[in-house]
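What's counted below: heavy atoms across the whole structure, side chains too, no hydrogens, waters or symmetry copies.
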Amino acid sequence: QVQYVESGGGLVQPGGTLRLSCAVSGRLVSQNAVVWYRQAPGKQREWVAMIDSSGVVDYADFVTGRFTASRKIAQNTVFLQMNKLKPEDTATYYCNIGMTDWGPGTQVTVSS
């Protein structure tokens, strides 16, 4: 069973920054693609960003240029640096490998 502990969310003003962390246990981030998802109230979960086993990253169009995914293999942890946040970025953010065993997520609220 894979476990995820997401952290780093909070309340931030539009234009602000947050850095999310996701500590993974049960799978190695160096051997798996780790995906960041988000889900806003009343909406379906959506794909945000990915960092694959080689460290190659990919982003949804709506975050390209604002969000950056990275990882620390020694800590088996992935990160999502979020800059220029918008109110529409408000959601619970999750990291996941293979869309199973979801963690609790971390809440991001962008509001003035």
Side-chain angles (χ1 to χ4, degrees):
Q1 185 178 6
V2 187
Q3 293 184 328
Y4 309 92
V5 178
E6 300 96 343
S7 62
L11 173 63
V12 63
Q13 292 186 343
T17 65
L18 284 173
R19 187 182 190 228
L20 306 185
S21 299
C22 171
V24 181
S25 59
R27 292 272 184 92
L28 295 178
V29 302
S30 60
Q31 297 181 2
N32 291 274
V34 183
V35 179
W36 283 98
Y37 299 88
R38 69 186 187 186
Q39 187 167 20
K43 296 187 177 181
Q44 291 191 338
R45 184 185 300 125
E46 59 183 355
W47 188 99
V48 175
M50 181 194 69
I51 181 164
D52 73 10
S53 58
S54 299
V56 175
V57 295
D58 195 13
Y59 303 98
D61 288 344
F62 53 79
V63 303
T64 298
R66 301 189 298 123
F67 291 10
T68 303
S70 61
R71 65 184 181 178
K72 285 189 177 180
I73 292 175
Q75 297 176 1
N76 212 42
T77 298
V78 297
F79 304 94
L80 187 66
Q81 177 69 40
M82 305 190 298
N83 300 329
K84 300 179 182 178
L85 283 161
K86 304 176 180 180
E88 51 263 43
D89 294 319
T90 295
T92 301
Y93 285 71
Y94 305 87
C95 64
N96 200 269
I97 299 170
M99 297 193 73
T100 62
D101 300 325
W102 295 91
T106 186
Q107 176 67 40
V108 171
T109 303
V110 185
S111 175
S112 55

- Item | Neighbour count above 12 (heavy atom, 6.0 Å) for Gln44 CD | no

- Is a donor on one side and an acceptor on the other found under 3.5 Å between the side chain of Arg71 and the backbone of Val29? yes

- Query: Which distance, rounded to the nearest 0.5 Å, do you find between the CD of Gln81 and the CG of Leu18?
  - Reply: 8.5 Å

- Query: Taking the inter-plane angle between the rings of Tyr93 and Phe67 on a 0 to 90° scale, is it parallel (under 30°), tilted (30 to 60°) or perpendicular (over 60°)?
  - Reply: tilted

- Item | Test item: Thr64 side-chain N/O and Ala60 main-chain N/O as donor-acceptor pair under 3.5 Å | yes

- Given Val12 and Thr17, is the side chain to side chain contact (heavy atoms under 4.5 Å, CB included) satisfied, shown in steps? CA-CA 7 Å; Val12 63; Thr17 65; over 6 Å; no

- Message: When you group the ILVMFWY residues by side-chain heavy-atom contacts below 4.5 Å and let the links chain together, are Leu20 and Val63 in the same group?
- Response: yes

- Does Arg27 offer a backbone N or O that forms a donor-acceptor pair with the side chain of Asn76 under 3.5 Å? yes

- Query: With distance as the sole test, does Asp101 use its side chain to make a donor-acceptor pair with the main-chain N or O of Val2 at under 3.5 Å?
  - Reply: yes

- Note on the structure: On a heavy-atom basis, the closest approach of Thr77 and Ala23 is OG1-CA, 3.8 Å

- Message: Applying side chain to side chain contact (heavy atoms under 4.5 Å, CB included) to Val24 and Cys22, what does each step give before you reach the verdict?
- Response: CA-CA 6 Å; Val24 181; Cys22 171; 3.8 Å; yes

- Message: For a 4.5 angstrom cut-off between non-hydrogen side-chain atoms, does Arg45 reach Trp102?
- Response: yes

- Message: For the backbone of Glu6 and the side chain of Tyr94, can you confirm whether one donor and one acceptor N or O come within less than 3.5 Å of each other?
- Response: no

- Heavy atoms only: give me the nearest Tyr59-Ala49 pair and the separation to one decimal. CD2-CB, 3.6 Å

- Task: Indicate, with yes or no, if Phe79 and Ile97 share a hydrophobic cluster defined by side-chain heavy-atom contacts under 4.5 Å among Ile, Leu, Val, Met, Phe, Trp and Tyr.
- Result: no

- Hey, any chance Val108 and Tyr37 share a hydrophobic cluster, counting ILVMFWY side chains that come within less than 4.5 Å of each other, even indirectly? no

- Smallest heavy-atom separation, Ala40 atom then Ala91 atom, equals N-CB, 3.8 Å

- Could you state whether Met82 and Val35 fall into the same hydrophobic cluster, counting links through intermediate Ile, Leu, Val, Met, Phe, Trp or Tyr residues with side-chain heavy atoms under 4.5 angstrom apart? no

- Query: So how far is it from Arg19 CZ to Ser7 OG, rounded to the nearest 0.5 Å?
  - Reply: 10.0 Å

- Message: Quick check: do Gln1 and Thr100 have side-chain heavy atoms less than 4.5 Å from each other?
- Response: no

- Query: Is Leu80 reachable from Val57 through a run of I, L, V, M, F, W or Y residues, each pair having side-chain heavy atoms under 4.5 Å apart?
  - Reply: yes

- Message: Measuring from atom CZ of Arg38 to atom CG of Asp89, what distance do you get when rounded to the nearest 0.5 angstrom?
- Response: 5.0 Å

- Item | Working for side chain to side chain contact (heavy atoms under 4.5 Å, CB included), residues Gln107 and Thr90 | CA-CA 8 Å; Gln107 176 67 40; Thr90 295; 4.1 Å; yes

- Query: Is a donor on one side and an acceptor on the other found under 3.5 Å between the side chain of Arg66 and the backbone of Lys84?
  - Reply: yes

- Query: side chain to side chain contact (heavy atoms under 4.5 Å, CB included) with Asp52: which residues, sequence neighbours excluded?
  - Reply: Ala33, Met50, Ser54, Val56

- Report yes if the side chains of Phe62 and Lys86 come closer than 4.5 Å at any heavy-atom pair, otherwise no. no

